[in-house]
Novice: 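Structure provided below as structure tokens; questions to follow.
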Amino acid sequence: MTALPGIRRARGFRLYTGEGRRLVDLWQLGGAALLGHNPPGVLRALKNAASRGLFAPFPHPLQGRLVKALTRLLPGRVFRVYAGEAALRRALAEAGFDGDAPFADPALTPAAAAGPSPALWRPFLGPADKNPPPAGPPVLRLVLPWTLAPPALALEAALDGRFPPSDPVSPVILAGTVRSVLDLLAAPARPRFPRLDRALAGGPWQRRGIYLRPPAGLTGPAYPRLFHRFLERGFLAPPEEGPLILPALLSP
């Protein structure tokens, strides 16, 4: 992140630097800004809750509304919502999983998603019948463009009793998170990007849904060079290794 110039404004999937440069965001905060950096419905929900002073993590009906929205996203699951990734990892350890292990990312290693370990669930990875929840406890990094967005676990009913209950979360954060899940449910299918597919054909890059996996030769020690090459050409790649995420709008 130290190589990134100061960002003065973020709109949709574009970032604007203090020097007047415009960057296309292919990082999207690891997927948290999958619906853009300033989704209007989320901003209204945050503002309305903040105007009522609901910053402290008091019990609030929004907790139940979030679970209801998540149930529409992944039917048949039992949900836990935690105050941050550290709390989520403690819950995994308490349930007998390795709380320190990195989460498998099906956008990078599809085969790992079939294992019993916790794995990320990625929206827009592909058709619903080809993007089932992982076999292990799916970790949902919710689509809220804020580092305070609460992570969630989508559990099979058989695992319900092994996990501690959800944490209390600020109603301000819950309001934005509920709206973001509803917006994700209502979001149209992502474009097919035929020109991009033609450009990638026969090359080392791999695409799954809206996610691009960098070639093996450009990961590890070589990854910083890849990051800088994208930045020089007006694109923000993930500051650390991860999938590049195609925006909902991409000009020719």
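The chain is numbered in sequence order, starting from 1. Reckoned from all heavy atoms, side chains included, excluding hydrogens, waters and symmetry mates.
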Novice: Can you name the residues that form a salt bridge (charged side-chain N to carboxylate O under 4.0 Å, His left out) with D100, not counting sequence neighbours?
Specialist: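 In terms of salt bridge (charged side-chain N to carboxylate O under 4.0 Å, His left out), with neighbours along the sequence ignored, D100 is linked to no residue.
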
Novice: For A149, what residues pass the side-chain contact (heavy atoms from CB on, under 4.5 Å) criterion, not counting sequence neighbours?
Specialist: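 Listed in chain order: L144.
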
Novice: Listed by chain and number, what are the side-chain contact (heavy atoms from CB on, under 4.5 Å) partners of P238, not counting sequence neighbours?
Specialist: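 P238: side-chain contact (heavy atoms from CB on, under 4.5 Å) contacts with W27, Y223, L244.
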
Novice: Mind checking what makes side-chain contact (heavy atoms from CB on, under 4.5 Å) contact with L218, not counting sequence neighbours?
Specialist: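 So L218 forms a side-chain contact (heavy atoms from CB on, under 4.5 Å) with P215, L226, R229.
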
Novice: With E241, which residues qualify under salt bridge (charged side-chain N to carboxylate O under 4.0 Å, His left out), at least two apart?
Specialist: none

Novice: Any salt bridge (charged side-chain N to carboxylate O under 4.0 Å, His left out) pairs touching residues 174-187, not counting sequence neighbours?
Specialist: R179-D183

Novice: Can you tell me which residue pairs pass the salt bridge (charged side-chain N to carboxylate O under 4.0 Å, His left out) test with a partner in residues 157-177, sequence neighbours excluded?
Specialist: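 Listed once each, the pairs are R80-D160.
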
Novice: Can you list every pair that meets side chain to side chain donor-acceptor pair (under 3.5 Å) and has a residue in residues 188-204, with sequence neighbours left out?
Specialist: D197-R207

Novice: Enumerate donor-acceptor pairs with a distance under 3.5 Å from any side-chain N or O in residues 64-76 to protein atoms, sequence neighbours excluded.
Specialist:
from	atom 1	to	atom 2	distance (Å)
T71	OG1	V67	O	2.8

Novice: Side-chain atoms of residues 38-50: list all donor-acceptor pairs with protein atoms under 3.5 Å, sequence neighbours left out, distances to 0.1 Å.
Specialist:
from	atom 1	to	atom 2	distance (Å)
N38	OD1	G12	N	2.9
N48	ND2	R44	O	3.3

Novice: Would you list the pairs meeting side chain to side chain donor-acceptor pair (under 3.5 Å) in which at least one residue belongs to residues 51-62, sequence neighbours left out?
Specialist: none

Novice: Quick one: salt bridge (charged side-chain N to carboxylate O under 4.0 Å, His left out) pairs with a partner in residues 5-31, sequence neighbours left out?
Specialist: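 Non-adjacent pairs meeting salt bridge (charged side-chain N to carboxylate O under 4.0 Å, His left out): zero.
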
